[in-house]
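Below: the structure, in structure tokens.
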Amino acid sequence: MQVVVRDNNVDQALRALKKKMQREGIFREMKLRRNFEKPSERRAREKAEAVRRHRKLMRKRMEREGF
């Protein structure tokens with residue numbers, strides 16, 4: 001991952017880097033990897049995340065269709 005530093009403005013480049021890392025999900029992955037997660041817990045978490053994503057998608061679709 002690269003960020004261009006323009007006019008020696010390191011603060012702006014750092015903000016851009018953090019934003020890219022946030023979008024890529026690196027911070028979230030680091031947080032998850034701090035402790036060992038049992039495979040059964042991982043499957044349960046991933047399934048719950050999928051359900052949450054699906055419900056959010058359905059909610060947005062219904063909102064768009066006017067229900």
Side-chain angles (χ1 to χ4, degrees):
M1 193 171 293
Q2 284 184 335
V3 177
V4 178
V5 179
R6 296 187 185 119
D7 301 326
N8 285 337
N9 195 346
V10 178
D11 292 330
Q12 185 179 7
L14 188 60
R15 265 187 273 132
L17 177 66
K18 284 182 180 180
K19 193 180 289 187
K20 278 188 178 184
M21 290 174 71
Q22 181 72 33
R23 255 187 260 125
E24 292 290 322
I26 293 174
F27 291 126
R28 188 167 177 271
E29 189 174 337
M30 284 175 14
K31 184 179 177 185
L32 286 172
R33 288 177 185 246
R34 270 189 208 141
N35 300 315
F36 178 74
E37 185 177 29
K38 288 173 35 180
S40 60
E41 291 174 344
R42 182 173 157 253
R43 281 192 299 270
R45 177 183 51 79
E46 287 176 350
K47 186 171 183 172
E49 288 173 356
V51 167
R52 223 174 290 125
R53 278 194 309 270
H54 180 71
R55 284 185 181 157
K56 184 176 180 180
L57 178 68
M58 291 284 111
R59 205 170 37 244
K60 286 187 178 241
R61 267 193 200 156
M62 290 295 171
E63 188 177 295
R64 250 184 279 135
E65 293 173 5
F67 286 101

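Counting from 1, the numbers follow the sequence of the chain as shown.
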Nearest 0.5 Å please: distance from the CG atom of Leu17 over to the CD atom of Gln22. 11.5 Å

Interatomic distance, CZ@Arg43 vs CD@Glu37, rounded to 0.5 Å, equals 10.5 Å

Find out if a path of hydrophobic residues (ILVMFWY) with successive side-chain heavy-atom gaps under 4.5 Å connects [X] to [Y].
{"X": "Met1", "Y": "Met30", "value": "yes"}
{"X": "Ile26", "Y": "Leu32", "value": "no"}
{"X": "Phe27", "Y": "Val3", "value": "yes"}

Stepwise, does the salt bridge (charged side-chain N to carboxylate O under 4.0 Å, His left out) test hold for Lys20 with Glu24? CA-CA 6 Å; Lys20 278 188 178 184; Glu24 292 290 322; over 6 Å; no

Working for salt bridge (charged side-chain N to carboxylate O under 4.0 Å, His left out), residues Glu49 and Arg45: CA-CA 6 Å; Glu49 288 173 356; Arg45 177 183 51 79; 3.2 Å; yes

Find out whether Arg42 and Glu46 are in side-chain contact, i.e. whether some heavy atom of one side chain is under 4.5 Å from a heavy atom of the other. yes

Please list all pairs meeting salt bridge (charged side-chain N to carboxylate O under 4.0 Å, His left out) that have one or both residues in residues 51-67, counting only residues at least two apart or in different chains. none

